Amino acid sequence: MSDTMEIQNTDGPIGAAITGIDLSAAIDDQIFARIEQSLNDRAVIVIRNQNLTPDQLAAFSRRFGLLQVNVRAEANSGQSPEVFWVSNVMKDGKPLGSHDAGRYWHSDLCYLEKPSKVTLLNSLEVPGKNGETYGDTLFAGAAAAYDALSDDMKKRLDGLKAANGYRYMWNKKAHEFGKRPVLSEEELLKYPPDALHPIVRTHPDTGQKCLYVCYGYTHEIVGMDKSESDALLAELFDHVVDPAFLYRHKWQVGDLLIWDNCAVQHKATFDYDTSLRRVMQRCTVEGSVPY
Ligand code: OGA
Ligand code: MN
């Protein structure tokens, strides 16, 4: 099977497409090593034409490490709690999964002490109409973004940490989009507390320095005056999404999109209405404590 596998990089700094493999059956270590290498080189890759059951997705995802069970339990798949549904579809009057995932630029589970190393998102249904597809996912290369900072800015950021908050994100989304209830301070306590991570982190495999603050979760630089912190974060949020560092993923049914949460941040586009169904299944893999 290995001789049919092909990898095609995009023209930009991140992104690649892989064809000619079938992940519904176990693949050998050599093929897996090529996939891992491509992910390390390109930060986000798509493997086309994968029609996977939740268990098959989980089994392949486990090759990257320990799977995480998301704190948003209502979106986890019943039989395989490590599989999380991302969908706008309603079932029995309730959302099938998380229907407002990825509204803001973010890195998955950065609010945990051990954020996600890798995310695997498999499309079962893609919104489409009149030959057009909708709901692209955008990616920003965090290593290219770091490299492009001025030397002065790199010095300024050296050693700084910032707070990444699930609770902060929850109410920001609740207020802005009304798709989830606004929670009181007390209700928020059931979700994880802020995680403090370096603003610039080193990729554990490639050694690249990556900018690790995101608009969705990062809300305070540790030990810095609030107005200075807000201004610096706003500048960094703006910088990281410069078009020069972007890859835009246009979905096909059966895509397995895999990204590295240290090397990219990402965002969903909500450019379709609820009459168009979008159904995705997702696994995230636990990473190490950022340094
Ligand atoms: C995610 C996510 C974006 C999208 O699943 O982690 O951010 O386009 N998804 O669905
Ligand atoms: Mn995400």
Side-chain angles (χ1 to χ4, degrees), residues 14-15 39 43-46 50 52 54 57-58 61 64 67-77 80 82-89 95-112 115-128 133-142 164-166 168-170 172-173 176-177 179-180 192 195 212-218 240-241 246-274 276-287:
I14 57 173
L39 183 61
V44 49
I45 61 179
V46 59
Q50 304 304 313
L52 305 176
L57 174 64
S61 300
F64 291 92
L67 300 188
Q68 296 172 301
V69 174
N70 200 271
V71 293
R72 206 167 180 205
E74 67 275 20
N76 293 338
S77 147
S80 313
E82 298 140 317
V83 175
F84 179 87
W85 293 105
V86 175
S87 182
N88 64 342
V89 171
L96 170 69
S98 174
H99 53 334
D100 61 355
R103 283 274 179 183
Y104 303 124
W105 281 100
H106 68 287
S107 176
D108 287 331
L109 283 57
C110 63
Y111 50 84
L112 296 182
S116 310
K117 169 166 92 166
V118 171
T119 300
L120 301 98
L121 188 64
N122 182 216
S123 56
L124 307 181
E125 294 184 54
V126 174
T133 61
Y134 298 92
D136 299 354
T137 307
L138 303 175
F139 290 86
N164 296 274
Y166 189 86
Y168 165 80
M169 173 281 298
W170 184 286
K172 181 154 87 162
K173 260 188 196 169
E176 193 169 336
F177 304 110
K179 292 267 184 194
R180 44 174 87 195
Y212 197 60
V213 288
C214 61
Y215 179 80
Y217 293 99
T218 315
V240 78
V241 301
L246 293 194
Y247 164 69
R248 181 177 191 113
H249 186 67
K250 209 159 222 343
W251 287 93
Q252 297 173 16
V253 172
D255 281 353
L256 176 64
L257 194 64
I258 309 177
W259 62 86
D260 178 316
N261 284 290
C262 176
V264 292
Q265 22 186 291
H266 59 286
K267 182 180 188 289
T269 42
F270 286 84
D271 58 351
Y272 52 96
D273 64 65
T274 46
L276 301 181
R277 292 165 59 98
R278 189 174 190 266
V279 182
M280 313 243 164
Q281 50 180 353
R282 182 184 92 170
C283 284
T284 61
V285 179
E286 185 176 85

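Keep in mind the model is a prediction, meaning the values are calculated, not measured. The figures here come from the full heavy-atom set of this structure, side chains too, leaving out hydrogens, waters and symmetry mates. Counting starts at 1 for both ligands and their atoms, in listed order.
- Ser107 pairs with exactly one of Thr218, Asn261, Asn164 by the side-chain contact (heavy atoms from CB on, under 4.5 Å) rule, that one being Asn261.
- A donor-acceptor distance shorter than 3.5 angstrom exists from the side chain of Asn122 to the backbone of Gln50, with no hydrogens or angles considered.
- Ring pair Phe139/His266 is parallel by interplanar angle, where below 30° counts as parallel and above 60° as perpendicular.
- A cation-pi arrangement is not found for Arg278 relative to Tyr134, the charged atom failing to lie both closer than 6.0 Å to the ring centre and inside a 45° cone about the ring normal.
- Looking only at distances, a side-chain donor or acceptor of Ser123 sits under 3.5 Å from a matching main-chain atom of Gln252.
- Of the angles at the Mn ion (ligand 2), the one spanning NE2 of His266 and NE2 of His106 is 80° when given to 10°.
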Atom pairs and distances, ligand 1 N/O vs protein N/O under 3.5 Å:
unit_1: ligand 1; atom_1: 5 (O); unit_2: Arg282; atom_2: NH1; d: 3.3
unit_1: ligand 1; atom_1: 6 (O); unit_2: Asp108; atom_2: OD1; d: 3.1
unit_1: ligand 1; atom_1: 6 (O); unit_2: Asp108; atom_2: OD2; d: 3.3
unit_1: ligand 1; atom_1: 6 (O); unit_2: His266; atom_2: NE2; d: 3.4
unit_1: ligand 1; atom_1: 6 (O); unit_2: Arg282; atom_2: NH1; d: 2.6
unit_1: ligand 1; atom_1: 7 (O); unit_2: His106; atom_2: NE2; d: 3.1
unit_1: ligand 1; atom_1: 7 (O); unit_2: His266; atom_2: NE2; d: 3.0
unit_1: ligand 1; atom_1: 8 (O); unit_2: Thr137; atom_2: OG1; d: 2.6
unit_1: ligand 1; atom_1: 8 (O); unit_2: Arg278; atom_2: NH2; d: 2.9
unit_1: ligand 1; atom_1: 10 (O); unit_2: Arg278; atom_2: NH1; d: 2.9
unit_1: ligand 1; atom_1: 10 (O); unit_2: Arg278; atom_2: NH2; d: 3.3

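- For the salt bridge (Lys or Arg N to Asp or Glu O under 4.0 Å) test with Lys250, the passing option among Asp255, Asp271, Asp136 is Asp136; the others fail.
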Derivation of the side-chain contact (heavy atoms from CB on, under 4.5 Å) call for Lys179 and Arg103: CA-CA 11 Å; Lys179 292 267 184 194; Arg103 283 274 179 183; 4.2 Å; yes
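- Per residue Asp108, closest N, O or S atom to the Mn ion (ligand 2): atom name OD1.
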